[in-house]
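These notes concern the structure reproduced below.
Chain naming here is simple, since letters A, B, ... match the order of the sequence lines and numbering starts at 1 in each. The model shown is predicted, which means the values in this text are computed figures rather than measured ones.
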Amino acid sequence: MQYWLMKSEPDVFGIDDLARVRREPWDGIRNYQARNFMRDQMQIGDRVFFYHSNAEPIGIAGIMRIASAPYPDRTAFDPEAKYYDPKSDPDNPRWHLVDVEFERKFRRIITLAELREHPELEEMQLLRKGNRLSIMPVEPAHWDFILGLE
DNA sequence: GCCAACGTTGGC
DNA sequence: GCCAACGTTGGC
């Protein structure tokens, strides 16, 4: 059992969207490191912070769970899809994803600015300079500390 | 809208 | 294998 953080732009898909549909394939990831976490390390039942990026406010909006084993991201095969990748062969898919399911929405967004205020969190990958990764593991101690902020 | 930081691509 | 050019992410 591991903890994770996954980013999404709420204008595209946010915590309220997940609360409505309950379960969603986390498609469109086109970064190898992020893919590898989904394909090779995530386990059903792992818990995930849902992070709103490019948003107002920016921050952690709630919790979801990993709900499936990894499987190919079919949006890569669709020439009409935004995340089409002609190099992903259906017989040897390049991109994989997992389904996530809604667990709960926080009473409030725990903002990026607030996370940066706490020395306990300064080692978080999310807070490191230049971080652009959209899926990353979260240390259990950081997970617990953040839950205490809500 | 800007731009720093980073990842990917492709020529050599 | 190197690295310049380019594209993207994402905070501000």
Notebook entry, point to check: Side chain of S53(A): nearest nucleotide among dT8(B), dG11(C), dG10(B)?
Noted result: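 Among dT8(B), dG11(C), dG10(B), the one nearest the side chain of S53(A) is dG11(C).
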
Margin query: Among dG10(C), dG11(C), dT9(B), which nucleotide has an atom closest to any side-chain atom of K7(A)?
Written below: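 Between dG10(C), dG11(C), dT9(B), the one nearest the side chain of K7(A) would be dG10(C).
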
Check: Applying salt bridge (charged side-chain N to carboxylate O under 4.0 Å, His left out), which residue pairs with at least one partner in residues 135-150 of chain A are found, sequence neighbours left out?
Finding: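 Those involving residues 135-150 of chain A are R104(A)-E150(A), R107(A)-E150(A).
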
Please report the distance, rounded to the nearest Å, between [atom1] in [X] and [atom2] in [N].
| X | N | atom1 | atom2 | value |
| --- | --- | --- | --- | --- |
| H52(A) | dT9(C) | NE2 | P | 17 Å |
| I135(A) | dT8(C) | CD1 | P | 18 Å |
| Q33(A) | dT8(C) | CD | C1' | 16 Å |
| L133(A) | dT8(C) | CG | P | 18 Å |
| M124(A) | dG11(C) | CE | P | 13 Å |
| R128(A) | dG10(C) | CZ | C1' | 18 Å |
| N131(A) | dT8(C) | CG | P | 19 Å |
| D11(A) | dT9(C) | CG | P | 14 Å |

Checklist line | Residues that K129(A) engages under side chain to side chain contact (heavy atoms under 4.5 Å, CB included), provided they are two or more places apart | finding: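 Here no residue qualifies.
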
Next item on the list: Sort and list the pairs that fulfil side chain to side chain donor-acceptor pair (under 3.5 Å) and have at least one residue in residues 49-70 of chain A, not counting sequence neighbours.
Entry: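 Side chain to side chain donor-acceptor pair (under 3.5 Å) check on residues 49-70 of chain A returns E9(A)-N54(A), R65(A)-E101(A), R65(A)-E103(A).
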
Margin query: Using OP1 and OP2 only, check whether a side-chain N or O of K87(A) sits under 4.0 Å from dT9(B).
Written below: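 Yes, K87(A) has a side-chain N/O under 4.0 Å of OP1/OP2 on dT9(B).
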
Note to self: So, OP1 or OP2 of dG11(C): does either fall under 4.0 Å of a side-chain N or O from Y51(A)?
What the structure shows: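 Checking Y51(A) against dG11(C): at least one side-chain N or O falls below 4.0 Å of OP1 or OP2.
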
Next item on the list: Would you mind checking if D85(A) and R30(A) are paired as a salt bridge, meaning a charged N to carboxylate O distance below 4.0 Å?
Entry: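 Looking at D85(A) together with R30(A), the answer is no, because their closest N to O distance does not fall below 4.0 Å.
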
Check: Linking Ile, Leu, Val, Met, Phe, Trp and Tyr through side-chain heavy atoms less than 4.5 Å apart, which residues share a cluster with Y32(A)?
Finding: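 Listed partners: W95(A).
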
Margin query: How would you summarise protein contacts on nucleotides 1-7 of chain C per nucleotide, using B for base, S for sugar-phosphate only and - for none, with heavy-atom distances below 4.0 Å?
Written below: ------B

Please output the side-chain donor-acceptor pairs of residues 118-126 of chain A that fall under 3.5 Å, not counting sequence neighbours, one pair per line with the distance.
none

Check: DNA chain B: N54(A) or K129(A), which has the more 5' nearest nucleotide?
Finding: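 Whichever sits nearer the 5' end wins; that is N54(A).
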
Next item on the list: Decide whether V21(A) and L97(A) are clustered together by the hydrophobic rule: side chain heavy atoms of Ile, Leu, Val, Met, Phe, Trp, Tyr closer than 4.5 Å, transitively.
Entry: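 The answer is yes; both residues are in one hydrophobic cluster.
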
